[in-house]
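Some notes on the structure that comes next.
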Amino acid sequence: MRVGAKRRIVCGLALVIVGPVLGLMSVSGASAADDTQKLAPVDVVEVSGMIDSIVADSIEKAITRSQANGAQALVLQLNTRGAVVDRDRMAEVLTAMTNSKIPIAIWVGPSGARAYGLPAQMLAIADVTAMAPGARIGRTGTMLTVNDELVTFGAADDVLATGTLGFLEAREENALKFSTDDRGVPVLRNMLFALDNLTIRGTTLDTVTDVLNSSGQVTREATTVRFFKLGLVPRLLHTVASPPSAYLLVTIGLALLLFEFFTAGIGIAAFVGAVCLIMGCMGMGALPMSGFGIALLLAAFVAFAVDVQVGVPRLWTGVGLVLYTLASFTMFESVDGVTMRPGWLSLSVCISSVALTFIAGMPSMVRTRFATPTIGRDNLVGTTGVAVGDVNPEGIVLVDGAQWHARTNRATPLANNAAMRVVGIDGVTLQVEPLEGAAKDYREARSSH
């Protein structure tokens with residue numbers, strides 16, 4: 001028999017033997033996909049940062065959405081250190097969770113996540129609760145009342161009221177509604193496995209199916225997960241409503257506006273400062289603020305302004321730094337025992353940055369904006385220019401195409417666009433007088449005789 005014929009026979013036998021195996025593998029792969037698609041999806045909503053009105057609304061909308069879009073359960077991925085909404089608003093969120101027609105689970109994750117303050121009480125309301133390794137819950141404060149019943153963790157109430165628990169401690173205290181012998185639920189996929197076959201409110205969840213993979217081995221495949229987050233605008237508003245963001249934005253906004261005000265211009269710095277200040281004020285409007293602390297903050301920038309206008313840091317710069325530091329520690333109030341004050345890192349960065357700005361940066365920038373080349377400024381004595389606005393006794397003048405901070409000589413005022421002459425220089429401030437009608441010193445009059 002020829003070689004070509006032998007090869008054809010071997011190839012035919014191989015197809016006969018391997019063909020059914022390949023077909024079985026493709027069928028099992030298709031079956032795996034089909035089995036997974038037959039399972040109803042699970043919705044996952046990320047809840048991070050302080051619980052403000054935007055996040056509270058998003059949780060309620062997520063419950064309504066999941067009830068209407070065919071989800072078999074809703075999982076809240078929780079990572080928050082407190083709430084800035086009042087107790088009544090938080091109780092409304094817990095009431096919506098209690099009245100949900102589909103099961104609600106809470107996963108405190110990923111590793112390192114926290115569930116502190118009033119939001120921690122959501123775990124007592126949820127149908128299934130789990131934690132990632134390294135996560136902690138607690139500092140619940142006084143329990144809320146939902147549907148005329150007091151929220152409770154059972155025997156763990158006293159511990160959680162002021163303290164915190166990790167996964168193992170929470171399991172020992174029976175603070176979680178998920179019994180497992182492992183070290184927690186490390187990733188969201190494990191949370192779907194934890195929900196499988198649980199019967200909640202008369203409904204048995206089916207979130208996992210056993211399938212054959214391409215190697216013929218049985219594997220567990222989770223149902224489809226649909227992730228939901230805040231939209232761009234709500235996320236932006238939620239971000240600025242956090243204490244560190246609001247604190248930083250207000251500080252930047254006031255500093256930039258102060259700079260533009262004393263450099264006699266409206267430029268990019270003024271625009272950016274106005275935007276930062278508006279966003280910072282919006283954030284502070286959603287936070288529990290102290291009127292005394294805000295007054296200290298404004299007084300600090302008034303003190304900074306005294307020295308900025310002369311371009312040299314002096315006593316008032318020190319007064320401003322003291323007031324700003326006191327404001328940083330007092331303008332954020334606590335909510336239900338949880339402090340809203342920014343962390344030490346945020347406070348240290350802002351305070352040191354403000355100190356550097358008003359001791360070195362701001363005076364240098366002001367001098368640069370007002371001055372023409374610093375070498376040979378004495379040559380300006382005797383030159384003429386015009387007033388930019390009234391100069392009485394201080395204001396702005398235009399000399400050789402550059403704007404300068406000016407002070408009238410012998411208190412002779414200058415009207416807007418009035419011609420003037422430079423008679424002296426004090427630091428970066430020009431001493432000027434009108435070309436005609438300037439006041440005369442009696443000593444000069446006497447020496448002329």
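Computed over heavy atoms, backbone and side chain alike; hydrogens, waters and symmetry mates excluded.
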*Under the 3.5 angstrom rule, does the side chain of Asn147 hit a backbone N or O of Glu149 as a donor-acceptor pair?*
no

*For Phe332, is the NZ or CZ atom of Arg341 found under 6.0 angstrom from the centre of its six-membered ring and inside 45 degrees of the ring axis?*
no

_Evaluation steps, side chain to side chain contact (heavy atoms under 4.5 Å, CB included), between Val397 and Val386_ = CA-CA 6 Å; Val397 296; Val386 295; over 6 Å; no

*To the nearest 0.5 Å, how far apart are CG in Leu123 and CG in Leu160?*
9.0 Å

_Donor-acceptor under 3.5 Å (Lys229 side chain, Val45 main chain)_ = no

*asked:* Closer than 3.5 angstrom, by distance alone: can the side chain of Thr207 be matched with the main-chain N or O of Asp196 as a donor-acceptor pair?
replied: yes

*asked:* For a quick test of reading the model, state the closest non-hydrogen atom pair linking Asp52 to Ala241 and the distance between them.
replied: OD2-CB, 3.6 Å

*Is it true that a side-chain atom of Arg235 and a backbone atom of Leu230 form a donor plus acceptor pair closer than 3.5 Å?*
yes

*Side-chain contact test, heavy atoms from C-beta onward, threshold under 4.5 Å: evaluate it for Leu176 versus Met131 and give yes or no.*
yes

*Looking at Arg89 and Asp57, does any basic side-chain N land under 4.0 Å from a carboxylate oxygen?*
yes

*Is the backbone of Arg114 close enough, under 3.5 Å, to the side chain of Asn79 for a donor and an acceptor to pair up by distance?*
yes

*What do the steps show when you test Met340 against Glu333 for side chain to side chain contact (heavy atoms under 4.5 Å, CB included), and what is the final call?*
CA-CA 6 Å; Met340 294 293 107; Glu333 295 182 337; over 6 Å; no

*Heavy-atom side-chain contact between Ile51 and Met90 under 4.5 Å*: yes

*Hey, could you give me the CG/CD1 distance between Leu237 and Ile54, rounded to the nearest 0.5 Å?*
4.5 Å

*Nearest heavy-atom pair of Ala387 and Leu414: which atoms, and what distance?*
CB-CB, 4.2 Å

*Closest heavy-atom pair and its distance - Gly293, Thr330*: CA-OG1, 3.5 Å

*Looking only at heavy atoms, what is the nearest atom pair of Pro133 and Ser111, with distance?*
O-OG, 2.6 Å

*Hey, does the side chain of Thr223 reach the backbone of Ala40 with a donor-acceptor pair shorter than 3.5 angstrom?*
yes

*How many angstroms lie between OG1 in Thr145 and CG in Leu150, if you round to the nearest 0.5 Å?*
5.0 Å

_Please report the interatomic distance SG(Cys276) to CG(Leu248), rounded to the nearest 0.5 Å._
8.0 Å

_Measuring only between side-chain heavy atoms, which start at C-beta, is Gln72 closer than 4.5 Å to Val42?_
yes

*Please confirm whether the backbone N or O of Met97 pairs with a side-chain atom of Ser100, one donor and one acceptor, at under 3.5 Å?*
no

*Which distance, rounded to the nearest 0.5 Å, do you find between the CG of Asp43 and the CD1 of Ile104?*
11.0 Å

*Give me the ring orientation class for Tyr247 and Tyr324: parallel if the planes are under 30° apart, tilted from 30 to 60°, perpendicular past 60°.*
parallel

*Give the C-alpha distance, both sets of side-chain angles, the deciding distance and a yes or no for side chain to side chain donor-acceptor pair (under 3.5 Å) between Thr199 and Thr204.*
CA-CA 4 Å; Thr199 301; Thr204 300; 3.0 Å; yes

*Excluding sequence neighbours, so at least two apart, what forms side chain to side chain contact (heavy atoms under 4.5 Å, CB included) with Ala96?*
Glu60, Ile63

_Residue pair Val75 / Leu195, side-chain heavy-atom distance below 4.5 Å_ = yes

_Please give me the minimum heavy-atom distance between Ala130 and Met191, naming the atom from each residue._
CB-SD, 3.7 Å

_Donor-acceptor check, side chain of Ser245 to backbone of Thr239, threshold 3.5 angstrom: yes or no?_
yes

_Interatomic distance, Ser328 atom OG to Leu347 atom CG [nearest 0.5 angstrom]_ = 6.0 Å

*Tell me, please, which residues at least two apart from Arg136 pass side-chain hydrogen bond (donor to acceptor under 3.5 Å, both in side chains).*
Thr164, Glu169

*Begin with the C-alpha distance, continue with both residues' side-chain angles, and end with the deciding distance and a verdict on side chain to side chain contact (heavy atoms under 4.5 Å, CB included) for Leu277 and Val250.*
CA-CA 5 Å; Leu277 186 59; Val250 169; 4.2 Å; yes

*Which pairs pass salt bridge (charged side-chain N to carboxylate O under 4.0 Å, His left out) with one or both residues in residues 121-133, sequence neighbours excluded?*
Asp127-Arg201

*Test item: Val55 and Val47 side chains (from C-beta on) under 4.5 Å apart, heavy atoms*: yes

*asked:* Assess the residue pair Trp344 and Phe329 against the criterion (ring pair (Phe, Tyr, Trp, His ring centres under 6.0 Å)); give the C-alpha distance rounded to whole Å, side-chain angles, the decisive distance to 0.1 Å, and a yes or no.
replied: CA-CA 10 Å; Trp344 283 101; Phe329 283 90; 5.5 Å; yes

_I'd like to know if the side chain of Gln121 and the backbone of Leu144 have a donor-acceptor N/O pair within less than 3.5 Å._
yes

*Determine whether Asn416 and Val391 make a side-chain contact, defined as any pair of heavy atoms from C-beta on separated by less than 4.5 Å.*
no

_side chain to side chain contact (heavy atoms under 4.5 Å, CB included) assessment of Leu94 paired with Met122_ = CA-CA 6 Å; Leu94 269 63; Met122 297 167 63; 3.7 Å; yes

*Do the side chain of Thr80 and the main chain of Ser48 share a donor and acceptor less than 3.5 angstrom apart?*
no

_When you compare the side chain of Leu168 with that of Arg171, does any pair of heavy atoms fall below 4.5 Å?_
yes

*Start with the C-alpha distance between Thr152 and Asp157, add both sets of side-chain angles, then the distance that settles side chain to side chain donor-acceptor pair (under 3.5 Å), and finish with yes or no.*
CA-CA 6 Å; Thr152 179; Asp157 281 348; 2.6 Å; yes

*asked:* Pair Asp206, Asn197 - check side chain to side chain donor-acceptor pair (under 3.5 Å), show working.
replied: CA-CA 6 Å; Asp206 187 9; Asn197 289 327; over 6 Å; no

*List the atom of Ala115, the atom of Ala120, and the distance in Å for their closest heavy-atom pair.*
O-CB, 3.2 Å

*Just wondering, do Thr140 and Phe153 contact through their side chains at under 4.5 Å, heavy atoms?*
yes

